[in-house]
Protein chains: 2
Amino acid sequence: MNAAPTVYDVAERSGVSIATVSRVYRSPDSVRAATRERVLAAARELGYVPSGNARGLASRSTGVLGLCFPDYSDPDTVGAEDDDAAMLYSDQIIRGMERAARRHGYALLIAASLEGGPENLVAKVAGRVDGFAVLARTVPTEELEVISRRRPVVMLAGPRAQDPSLDHLDHVEVANEDGQYQLTRHLLDDHGLRRLAYVGLADDSPDVEARFRGFRRACREAGVETGDEPALRMPMMTQAEGAHAADLLCGGAGERPEAFVFANDQMAVGALQALERRGLRVPDDIVVTGFDGIPLSRLVRPALTTVRQPMVRLGEKAVELLVRRLTGEREAEPVSLMLPVGVARRASCGCADEETTTGFTDL
Amino acid sequence: MNAAPTVYDVAERSGVSIATVSRVYRSPDSVRAATRERVLAAARELGYVPSGNARGLASRSTGVLGLCFPDYSDPDTVGAEDDDAAMLYSDQIIRGMERAARRHGYALLIAASLEGGPENLVAKVAGRVDGFAVLARTVPTEELEVISRRRPVVMLAGPRAQDPSLDHLDHVEVANEDGQYQLTRHLLDDHGLRRLAYVGLADDSPDVEARFRGFRRACREAGVETGDEPALRMPMMTQAEGAHAADLLCGGAGERPEAFVFANDQMAVGALQALERRGLRVPDDIVVTGFDGIPLSRLVRPALTTVRQPMVRLGEKAVELLVRRLTGEREAEPVSLMLPVGVARRASCGCADEETTTGFTDL
DNA sequence: ATGAAAGCGCTAACAG
DNA sequence: CTGTTAGCGCTTTCAT
C-alpha cells in the first residue's frame, strides 16, 4: 500500500481538474458522460478510494450516525450461555438503527463505552458522526452535556432527564411502567392471583425501577399488599440468577408465592428451568412472567408471558429523531417519545397466545 | 449549534498555541499539568469536540474498523418472526467485531450493502475506516479489488478466493464441510441411520454447498447412497420453508427418510413444528438436525442437534487479522483461517447434550 | 514543555 | 460543463 492516490492523481491521469474528479463522485450527472468514464477509469487503475476524512472536513458532515452503549460483556464469558441473551438488547437497537440509518443514507458507527479520560471512545465517536444515540447511563453526564452542544444526541431508555443539563436532548423510551402494570393487572384480574413476588435488580436502574412501580401500582389498585421493595433483587438479572431466585422463593419460609414476576426474560427463563428441576409445574403450580420479549421467551416451554419491548423500533426512532435534527429542524423543541409495549400472554401464566399493546406516544 | 469551536478557539481562550491544544488530547503527559487543565477547562466552556475528520486527515488514520454485510431485511417484514433469527448471523459477527475492536481501541462502522454506483455505502465505509471485513458476496468483486489495494480487507465466510483477483485478501471461514461431515457420520455410525434426506438452498451459496459436500462424503464413506443433489432445495431457508420441507418429505411417495438433515437451524426448527403437528415424534419417529447453532436451537423441544458456528469468534478473528495488517505486518502473506465448529449432539437425534469440536485452523 | 508553519485530500463557491 | 482557488480543523516536524 504505497502512497494512496488522491484527486490530484486521478485528475492528472484523466486530464481534468480536481474539481471534476470531485464532481464525478458527488454529483455524477453534472459531468459529461465521456469525461465521467475517463475519470472513473483512471480511478480504477490507480486504486483510488476517496478519503472520507477529507470529504468530511471539507463538507462538514460525515454521513455517519453513532451509537454508544454500555459494555455488557463479562471479560471472559467465553462459553457465553447467558451472553447470547444478554446482549440481545443492544443487538436489537443496533439492528434497528442500522436499518433506519441505511434508509436515510447513513452508515452506523458503534462503540461500547470504555473508561473516561479526554480520549475515550465516546469522544471519538462524537467527533466522527453527524449525530448519535446513547443508551442511558453509558456516558458521564458532564461529557454528554458538552458534546450535545455540538451534535444532536438522542437518549435511549432511562428516564426523561436524569439531569436538567440534559433536558434539551431528544429522548426515546419504552412504556416500562405501564407495561408492567398491565401485565400485573392481568395476573391479578384475569387469573385471580394474589401472592405475587417481584424479582428486580440490585443496582439502581431507571427502567427496572419503572417496571417495579408499575407492578406496585397494579397491586395497590387491586388491593393487594406489596412492600416498598421487590421480594428479591438480583445483581445481574442473568438466567442463572433467575434460577437461583426461584429456588430462594420456593425454599423460603412462609407460603410459596402464586406467581414470580421477573424484571426481565432471562431471569424468568432461568426460573422455568429451576422449577422444572423441582418438579413444579408452570403455570399450574406457579405462574412465571418476564419482561423484554426476547426471541427466547417465545420458545421456552411453557412459552413465557412477558412484556415485549420494541427495541428495534427504539433504534429506528432514534435515527428518525437524529435525521430530523440534521435536516432543517435543528432547533426544534426537544422531543420525548414513549414507545408502546405489548403484553404477550402466553402459556406461563396460563393463557393461550394473545397479545395486546399498551403505552402511549407523543409526536 | 453555531460555529463549532476549533483548536484555534481553545488555544486562544487558554492562552496557548494550537499545537499544545492538540497535545493535550493526543499525549496529555507531554503537557504540563497546569497548562493541560487550562486547556481542558477552555474546551469544556466552549463545548469543543475534536473533529475526527480533521484528525484523520492529518494523521492518516481513523481508529475505525468496518463491516459490510448483505441487506437481509425484507422491506416490510415488520412482525419479523423469522427476522429475529435471520439476522442473528450478522448480529453475532457485529458483536464479535465490536468487542475485539474495542479491545484494540477501535470503533466499528457497519453498513449493509446497498445498490452500486460510485457512491454506494461500501465505498463510503471504505473511505472512513482503516480496514474492514466483508461478508462474502456482499460487495461486487471488482469494487473490492480496487479498494483492497488501499485498505486491508478481510473476507468472511465463503470460499477462499472465488476470484483470483482477490486472493491477496485475508480470509476467515468456518469448517462447513467438515462440520456437516462429522454430524452426518454421527447419524450414520452412532445411530445407525441409513435413509437421510438433505435439505439445502436453491441459490448457489458456497457455505451451503460445502455443507452438502460434507454430507455426501460422509454418506459415501459409509456406503450409503446419495444423489448428487440435496433431496430438496428451498429458496430462503426460513422456518416456514423448513416446515414446508418436512411436509413434503413426509407426504412424498416412497419410504419416509429416517432423518432430515437441514442446511440451517431455522429450517430444522420449522420442521420440528411441522412434525409435531403431524403427530410424528422426534427423534423416535424421525431424526432432525440443523446447522449454525443459533440460540434457539438449544431451546426448542426437542433440543436441536446441530453444528455450532462460532460467529462471534469469526468477527473477533476478522479484527485480529485487520489489526495485524494495520500494525507492522502490512505485507505479510495472506492468511486463510478455518475456524473449527462444534457438533452439538442434542435430543433431536436421540442424544443427551454432548458437544465435540471439529475442523482445523491455520495460524 | 511549547510554538510556528506546512500540509493532509477534499468540497465549494466563483469564474469562465 | 469545467477549472481556480480557498479553506475545512487537526497533526506534526522542527525550532526554541
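Reckoned from all heavy atoms, side chains included, excluding hydrogens, waters and symmetry mates. Quick caveat: nothing in here was measured; it's all calculated off a predicted structure. Protein chains get the first letters and strands the later ones, always in sequence-line order, with residue 1 at the start of each.
Salt-bridge annotation for Glu320(A) and Lys317(A): present, with a side-chain N of the basic residue lying under 4.0 Å from a carboxylate O of the acidic one.
Looking only at side-chain heavy atoms (C-beta outward), Pro206(A) and Arg137(A) come within less than 4.5 Å of each other. The closest side-chain heavy-atom distance from Leu144(B) to Met155(B) is below 4.5 Å.
The OH-P distance, from Tyr48(A) to dG9(C), rounds to 10 Å in whole Å. Going from atom CG of Asn53(A) over to atom P of dC10(C) covers 10 Å, rounded to whole Å.
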Exercise. For Val335(A) and Arg324(A), what are the C-alpha separation, side-chain angles and deciding distance, and is it a side-chain contact (heavy atoms from CB on, under 4.5 Å)?
Worked result: CA-CA 11 Å; Val335(A) 167; Arg324(A) 165 169 157 278; 3.4 Å; yes

Cut-off 3.5 Å, no hydrogens considered: what does the side-chain donor-acceptor table look like for residues 38-46 of chain A, sequence neighbours left out?
residue: Arg38(A); atom: NE; partner: Ser14(A); partner atom: O; Å: 3.2
residue: Arg38(A); atom: NH2; partner: Ser14(A); partner atom: O; Å: 3.0
residue: Arg44(A); atom: NE; partner: Glu142(B); partner atom: OE2; Å: 3.3
residue: Glu45(A); atom: OE1; partner: Arg13(A); partner atom: NH1; Å: 2.3

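Residues passing the salt bridge (charged side-chain N to carboxylate O under 4.0 Å, His left out) test with Glu316(B): none are found, sequence neighbours excluded. Taking the ring-ring contact (aromatic ring centres under 6.0 Å, His included) definition, one finds that Tyr48(B) meets it with Tyr25(B), sequence neighbours left out.
Contact footprint of chain A on DNA chain D: nucleotides with an atom under 4.0 Å from a non-hydrogen protein atom, first to last in 5' to 3' order, dC1(D) to dG9(D).
For Ser22(A), a side-chain nitrogen or oxygen approaches OP1 or OP2 of dT11(C) to under 4.0 Å.
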Which atoms of nucleotides 1-5 of chain C (N or O only) lie under 3.5 Å from a protein N or O atom, and what are those distances?
residue: dT2(C); atom: OP1; partner: Arg32(B); partner atom: NH2; Å: 3.4
residue: dT2(C); atom: OP1; partner: Thr35(B); partner atom: OG1; Å: 2.5
residue: dT2(C); atom: OP2; partner: Arg32(B); partner atom: N; Å: 2.9
residue: dG3(C); atom: OP2; partner: Ser17(B); partner atom: N; Å: 2.7
residue: dG3(C); atom: OP2; partner: Ser17(B); partner atom: OG; Å: 3.0
residue: dG3(C); atom: OP2; partner: Thr20(B); partner atom: OG1; Å: 2.7
residue: dG3(C); atom: N7; partner: Arg23(B); partner atom: NH1; Å: 3.4
residue: dG3(C); atom: N7; partner: Arg23(B); partner atom: NH2; Å: 3.4
residue: dG3(C); atom: O6; partner: Arg23(B); partner atom: NH2; Å: 2.5

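Helix bend of the helix from dA1(C)-dT16(D) to dG16(C)-dC1(D): the angle between its two end axes, each built from five pairs, comes to 20° after rounding to 10°.
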